[in-house]
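First up is the structure itself, then whatever we jot down about it.
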There are 2 protein chains.
Amino acid sequence: MNIGEASTQSGVTAKMIRYYEQIGLIPRAERTPAGYRDYADADVHMLRFIARARDLGFSIAGITELLDLWRNKDRRSADVKALAQARAEDLRQKIAHLQDMAGTLEELARTCAGNERPDCPILQELAVQTAPAQGNRKYRNKDSTSIQERIRS
Amino acid sequence: MNIGEASTQSGVTAKMIRYYEQIGLIPRAERTPAGYRDYADADVHMLRFIARARDLGFSIAGITELLDLWRNKDRRSADVKALAQARAEDLRQKIAHLQDMAGTLEELARTCAGNERPDCPILQELAVQTAPAQGNRKYRNKDSTSIQERIRS
DNA sequence: CCTTGACCTTGCCATGATGGGAAGCCCCAT
DNA sequence: ATGGGGCTTCCCATCATGGCAAGGTCAAGG
């Protein structure tokens with residue numbers, strides 16, 4: 001089966017299949033004499049595994065670990081469980097952060113008249129003239145993860 | 001004041017200040033004869049506004065809109081409110097998605113013994129041999145947003 | 001047998017927001 | 001005047017993904 005069919009059957013785009021191969025997440029595919037990648041049902045099975053893990057928000061690194069465990073018949077289920085739990089905790093933390101933001105926004109929106117007049121507590125809040133409240137720290141904490149990073153799944 | 005001090009006072013790294021200038025989010029800074037960027041208190045004020053908006057999860061595009069409204073004395077507070085609400089709804093949707101994932105993971109983890117044996121329902125679940133359940137569609141829906149994209153704030 | 005269109009190949013570029021680093025200039029205190 | 005730290009620009013990397021382009025291949029129909 002060629003890459004298009006493997007894509008259809010696994011739900012992973014052809015582009016991503018090639019990418020996964022390139023970064024070593026999946027082994028290099030067999031090739032037909034013409035150079036086309038050739039997949040077996042087992043490959044599709046693996047791709048589907050990847051797709052599901054991805055749907056649960058696992059990163060490539062996490063999927064790598066899961067795949068290793070999947071293939072390892074001597075695995076300890078405790079290791080798998082630990083991975084899942086770590087991922088869940090990660091998500092719970094992100095959720096809490098997003099909830100903070102959403103709550104703040106909703107509260108601000110609630111206090112805004114939302115009419116034709118220009119005065120708006122939302123802008124006022126964003127524009128408060130508070131000191132950075134970071135003591136004598138000259139630059140932002142180097143190892144503090146950035147907002148975007150913290151938010152990403 | 002030079003970029004380092006503006007950074008300290010605003011909580012925005014020098015790197016990001018230059019970036020914001022480059023993409024046109026903030027106007028080009030004045031320069032000293034030596035070519036150093038020179039900032040006034042008003043600039044720091046604006047940077048702080050940006051930092052706060054970022055902390056609420058607004059993207060650069062959203063911040064651009066907020067800044068425009070902030071500067072526009074003829075704004076309608078309804079427009080600001082709409083921005084905040086849209087952002088909040090966006091967040092609520094992402095939260096729901098993350099909660100789905102976390103819930104699934106926790107449930108799977110709960111059913112896993114987590115011992116020395118290899119059998120694990122988590123891996124079993126990821127490896128289910130279900131058909132892609134997408135009818136006769138050959139490739140994934142072109143305009144379906146990717147998981148990662150959906151998750152990002 | 002040849003054409004056509006759908007598929008495959010590789011390779012490069014872009015995303016968004018951010019950090020890292022290099023090479024070179026500038027400023028101030030000793 | 002020298003040294004160290006700050007500034008400048010420019011380039012590269014991240015992560016997972018899509019898009020595009022140039023060229024090879026396959027299968028169906030004339």
Side-chain angles (χ1 to χ4, degrees), chain A residues 1-8 10-26 28-39 47 50-51 53-64 90 94 138-153, chain B residues 1-9 11-26 28-39 47 50-51 53-64 90 94 138-153:
Chain A
M1 141 182 40
N2 65 21
I3 202 172
E5 208 184 331
S7 168
T8 312
S10 65
V12 177
T13 61
K15 205 88 204 222
M16 291 315 296
I17 297 177
R18 295 194 197 99
Y19 173 68
Y20 292 155
E21 175 180 324
Q22 194 205 317
I23 63 172
L25 179 63
I26 57 178
R28 274 186 294 284
E30 299 288 303
R31 299 295 184 122
T32 66
Y36 281 23
R37 285 177 183 78
D38 191 33
Y39 296 94
L47 287 169
I50 292 171
R54 206 200 34 193
D55 285 348
L56 287 176
F58 281 94
S59 69
I60 296 288
I63 297 176
T64 305
D90 209 27
K94 281 172 221 289
K138 226 188 166 186
Y139 285 90
R140 274 190 132 158
N141 202 335
K142 284 277 167 65
D143 58 20
S144 82
T145 10
S146 84
I147 294 111
Q148 296 301 326
E149 221 173 315
R150 257 179 275 139
I151 286 168
R152 267 168 204 148
S153 106
Chain B
M1 137 184 38
N2 65 21
I3 203 172
E5 209 184 330
S7 169
T8 313
Q9 289 191 22
V12 178
T13 61
K15 207 91 201 216
M16 291 315 295
I17 297 176
R18 293 193 198 99
Y19 173 69
Y20 291 156
E21 175 180 323
Q22 195 205 316
I23 63 172
L25 179 63
I26 59 179
R28 275 185 294 284
E30 300 287 303
R31 298 294 184 122
T32 66
Y36 281 24
R37 286 177 182 76
D38 191 32
Y39 296 95
L47 287 169
I50 292 170
R54 281 210 48 52
D55 286 347
L56 287 176
F58 281 95
S59 68
I60 298 287
I63 298 176
T64 305
D90 209 27
K94 281 170 222 289
K138 218 175 173 192
Y139 284 91
R140 274 192 134 160
N141 202 335
K142 283 276 166 66
D143 56 22
S144 82
T145 9
S146 85
I147 293 109
Q148 296 302 328
E149 221 174 312
R150 257 180 274 138
I151 287 167
R152 267 168 204 148
S153 104

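Only heavy atoms go into these numbers, but all of them, side chains included; no hydrogens, no water, no symmetry mates. Chain identifiers are assigned alphabetically (A, B, ...) following the order of the sequence lines, protein sequences preceding nucleic acid strands; residue numbering begins at 1 within each chain.
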Inset, instruction - With rounding to the nearest 0.5 Å, note down the distance linking CD1 in A:Ile63 to CG in A:Leu25. - result: 6.5 Å
Inset, instruction - Looking at every strand, decide which applies to B:Arg37 at a 4.0 Å heavy-atom threshold: base, sugar-phosphate, or nothing. - result: sugar-phosphate
Inset, instruction - Output yes when at least one side-chain N/O atom of B:Asn2 is less than 4.0 Å from OP1 or OP2 of D:dG6, else no. - result: no
Inset, instruction - Return the value, rounded to whole Å, for the distance between atom CD1 of B:Ile17 and atom P of C:dG19. - result: 11 Å
Legend entry - Rounded interatomic separation in angstrom, taking CD from A:Glu5 and C1' from C:dC8: 14 Å
Inset, instruction - With the side chain of A:Ala34 defined as its heavy atoms from C-beta on, choose the nearest nucleotide among D:dC26, C:dA17, C:dC27. - result: D:dC26
Legend entry - Whole angstrom value for the distance that separates P of D:dG24 from CD1 of A:Ile3: 20 Å
Inset, instruction - Can you figure out which of D:dA16, D:dT8, D:dC26 approaches the side chain of A:Ser59 most closely? - result: D:dA16
Inset, instruction - For atom CZ of A:Arg31, decide whether the heavy atoms of other residues, nucleotides or ligands shown that lie under 6.0 angstrom number more than 12. - result: yes
Inset, instruction - Using whole Å, report how far CD1 of A:Ile50 lies from C1' of D:dA16. - result: 13 Å
Legend entry - Interatomic distance where OH belongs to B:Tyr36 and P belongs to C:dC28 [whole Å]: 9 Å
Inset, instruction - Name the residue closer to the 5' end of DNA chain C, choosing between B:Lys15 and B:Ile23 according to the nucleotide with the nearest heavy atom. - result: B:Ile23
Inset, instruction - Tell me whether the OP1 or OP2 atom of C:dT18 has a side-chain N or O from B:Tyr20 closer than 4.0 Å. - result: yes
Legend entry - Nearest-0.5 Å distance that lies between atom NZ in B:Lys94 and atom CG in B:Asp90: 4.5 Å
Legend entry - Under 3.5 Å donor-acceptor pair, A:Tyr19 side-chain atoms to D:dG18 base atoms: no
Legend entry - Step-by-step side chain to side chain contact (heavy atoms under 4.5 Å, CB included) determination, B:Tyr19 to B:Thr13: CA-CA 10 Å; B:Tyr19 173 69; B:Thr13 61; over 6 Å; no
Inset, instruction - Starting from P on D:dA16, measure out to CZ on A:Phe58 and report it in whole angstrom. - result: 13 Å
Inset, instruction - Taking Watson-Crick and G-U wobble pairs with both distances under 3.5 Å, convert DNA chain D into its dot-bracket string, 5' to 3', dots for unpaired and | for cross-strand pairs. - result: ||||||||||||||||||||||||||||||
Inset, instruction - Ignoring backbone atoms, test whether B:Thr13 places a side-chain nitrogen or oxygen under 4.0 Å from the OP1 or OP2 oxygen of C:dT18. - result: no
Legend entry - Derivation and outcome, side chain to side chain contact (heavy atoms under 4.5 Å, CB included), residues B:Val12 and B:Ser7: CA-CA 5 Å; B:Val12 178; B:Ser7 169; 5.8 Å; no
Legend entry - Selected nucleotide, minimal atom distance to A:Arg31 side chain, candidates D:dC20, C:dT10, D:dG6: C:dT10
Inset, instruction - May I have the distance from B:Tyr39 (atom OH) to D:dC7 (atom C1'), rounded to whole angstrom? - result: 11 Å
Inset, instruction - Measure the OH-CD distance between B:Tyr39 and B:Glu5 for me, rounded to the nearest 0.5 Å. - result: 12.5 Å
Legend entry - side chain to side chain contact (heavy atoms under 4.5 Å, CB included) assessment of B:Arg37 paired with B:Arg28: CA-CA 9 Å; B:Arg37 286 177 182 76; B:Arg28 275 185 294 284; over 6 Å; no
Legend entry - Rounded interatomic separation in angstrom, taking CD1 from A:Ile60 and P from D:dA16: 5 Å
Inset, instruction - Report yes if a side-chain nitrogen or oxygen of B:Arg54 is closer than 4.0 Å to either non-bridging phosphate oxygen (OP1 or OP2) of C:dT18; otherwise report no. - result: yes
Legend entry - Approximate separation, where rounding is to 0.5 Å, of B:Ile3 CD1 and B:Asp38 CG: 11.0 Å
